[in-house]
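Everything below concerns the one structure shown next.
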Amino acid sequence: MIVIFAIDALEYNLVEEFNCKNLKQKYYGKTDISEFSQPRTMVLWSSFMTGKNKEDDVLEDGNKEMWNKKWDIKETFFSFFENPVVLDLPGFSYDLGFHGKSRILLKNFFETKNLEKKENLKKEYNKDAFDHHRKIKDKFFKALGEDRDFVLGYFSVADVIGHLNFGNKVIMKMIYIELDEMAEKIKKNKRVKSLIILSDHGMKAIGRFGDHSEYGFWSTNFKDLKTPKITEFYELIRGIKNES
Amino acid sequence: MKVEIDNEIIEKIKERIKDMDEFDSVEGYVDYILKQIVGRLEEENKIKVDKEEYSKEDEKKVKERLKSLGYLD
Amino acid sequence: MEKENLRFVIVGHVDHGKSTLIGRLFYDTDSLPEGKIEEIKQICESLGKDIEFGYVMDHLAEERDQGVTIDTAQTFFRTDKREYTIIDAPGHVEFIKNMITGASQAEAAILIVDANEGVKEQTRRHSYILKMLGLKQVIVTINKMDLVDYSKDRFNEVKKELIEFLDKLNIKPSYIIPISAKEGDFIAKKTENLKWFDGPTVLDALDSFSKEESLIDRPTRFAVQDVYKFDERINAGMVLSGLIKENDEILVLPSKETTKVKEIKEWLKAPKEAEAGKSIGIVTEDGLFLDRGCILTHKDEEQPKITSAVKGHLFWLDREPYKKGERVLFKLSSQEIMGELEKIERVIDSSTLETLREDADEIKNREVADVIIKLSSDVVFEDFNDIPTLGRFVLERQDTCAGGIITEIGGKTNVI
């Protein structure tokens, strides 16, 4: 089984700071996303799964519409596989309901001036993010227990929580430890042959808030990729598939 | 405003300022010390206020960023 | 009325549950800011986990970094009896440096051992450090009892192994308590899970300890730390033992000059005397020139020892080994003297206590050694068991690289 643990906004520096041994695997480093004008989530994951720079395509209908974009499986490397599972990935199997609500809460948070309302909105926003994380986690580990050739789980908790809480080291540490424990669990699964852990971009602080940083995180248990472009994973995965 | 101070403290302050040129009375000394403390509290408050101001700045910045990343419109 | 405060340190293997124990101590004594614990609890629940007290430690570390206002006291947690301050032991070197230089004196210690893993190398090394620091009030907690089904047999097994080692170091713990920091067994509450244990909880054990015995009954020793020149010279320092009074006849060591105390200065006070533990300024009658490092004693009392060669027992902490003959800075209280290790009599493994080498050429990281140190000038010292601050020393290159205690005089003696 080839597994991709896709973690939105996983920040290289925090993986180091919190010493997330399991997220680092055997080889790890930063990705090169300099070819893109901005580190946009939809653009990056689209480019990842298709092996091509999809910035223009994703943005052609404007910022608002980009979240609705969906690629046909034939354009992605998921088509190499017989019974792939791809959970919640932006541009493919994205849960528009949850993520849409999340963005509405975010909007309301920034628009309201009342401090108490702001705190309550943040609490609701955070709670939703954690609840959604658990949901995807359950599905992910269920899929890992099945007879599959490919599983990808997309986890947005670090990004969603990070935007409003990146300055809260305690919360961020709890998230990174959780992700690290998940990586350990994946590693122990005998069905998993090749594991790639990848983020689209990282995160950097603006006070207590979080902005996207200009590089992503990668790690593998089989090859040192140095500083790969996010579009290079397409051929890499084809290579692994053909070898097995 | 009138404040009552224990005699024991007054005596200790008198001893303290005996050879100090800057203070010629217990009142003068107490006034000085209180001003020091208030000054420090104001400094701390200012830092606190600065922190809050800073936070509004941050919020403005991140809002702009989230707009350009497509999270807000 | 000001509540008494007891300072203690928690030592043990990094994975044996230190953070969780600290978090639990705060939680069970209601010593946490409400909002924060709720937040941590909620996130743990959302992630489908039990509350992890280790995260409380991270929060506390952050709070500490943000500073305090001038009129709030910083206490850690409290019981009905007193307030407790936990001394941070972030890493070996800082911890030992602070303890040995007296910057953060602990009065008690908790040694934590994992019931599942048992006594490990790090456990033994930490025990050694406790011995070097002369801490007599020690609680041993055998943690993670939940992972061994709260087994009395397992508890006794680990207890036996630990006592065997501690005996060799002459450490007699005041209590050995089975706990689960995660589940909250025997931290603040006696629980059903450990109903076979009839000893106290950790908090009860802490409450039973006394504040460090006052050194006021010992002969007077004052260490000069700084000298301030205003219209008179104020010699600032600490009363290490005994009592110093106005008009006292003073002997200055190691120079052996004599003088008299004209005045004692303390912030907002003009005391006539100051006892052990106080930081004060002394003005001498004749304005005698004193320096940092001078030790003042009473002329007519028992005197400390003075020597330029000591025998010591030290714990090497630097990754760079010490090579015989290398010069290092020897620091004892406020005294700072250049010296070198003239002889390395014996090198011992701190976790097995076996002798590794005799008459050695070097001491490596985490090794303990019996040494003879030659100093470029005299040092004033005391028996570590009598006046610890005058019996403990550190060695420095750019940073602290060893901590130790003086065991006897190593060569030429200068007795008064």
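Here is the naming used below: chain letters follow the sequence lines, and residue numbers restart at 1 for every chain.
When heavy atoms are compared at a cutoff of 4.5 Å, B/L72 approaches chain A solely by way of its side chain, counted from C-beta outward. In this structure, chain B has a heavy atom under 4.5 Å from the side chain of A/T41, while its backbone stays farther away. Residue B/K60 does not touch chain A at all, counting heavy-atom pairs closer than 4.5 Å. Contacts between A/K113 and chain B at a heavy-atom distance below 4.5 Å are absent for every atom of the residue.
By the 4.0 Å N-to-carboxylate-O rule, A/D138 lies too far from A/R134 to be salt-bridged with it. Using a cut-off of 4.0 Å between Lys/Arg side-chain N and Asp/Glu carboxylate O, A/K101 and A/E124 are scored as salt-bridged. Between A/E181 and A/K137, none of the side-chain N atoms (NZ, or NE/NH1/NH2) sits under 4.0 Å from a carboxylate O, so this pair counts as no salt bridge.
Considering only heavy-atom pairs separated by less than 4.5 Å from chain B, the leading option among A/H163, A/R208, A/M42, A/H99 is A/H163.
In this structure, the side chain of A/E11 engages the main chain of A/N13 through a donor-acceptor pair within 3.5 Å. A/S47 places no side-chain N or O within 3.5 Å of a backbone atom of A/N53 that could act as its donor or acceptor partner.
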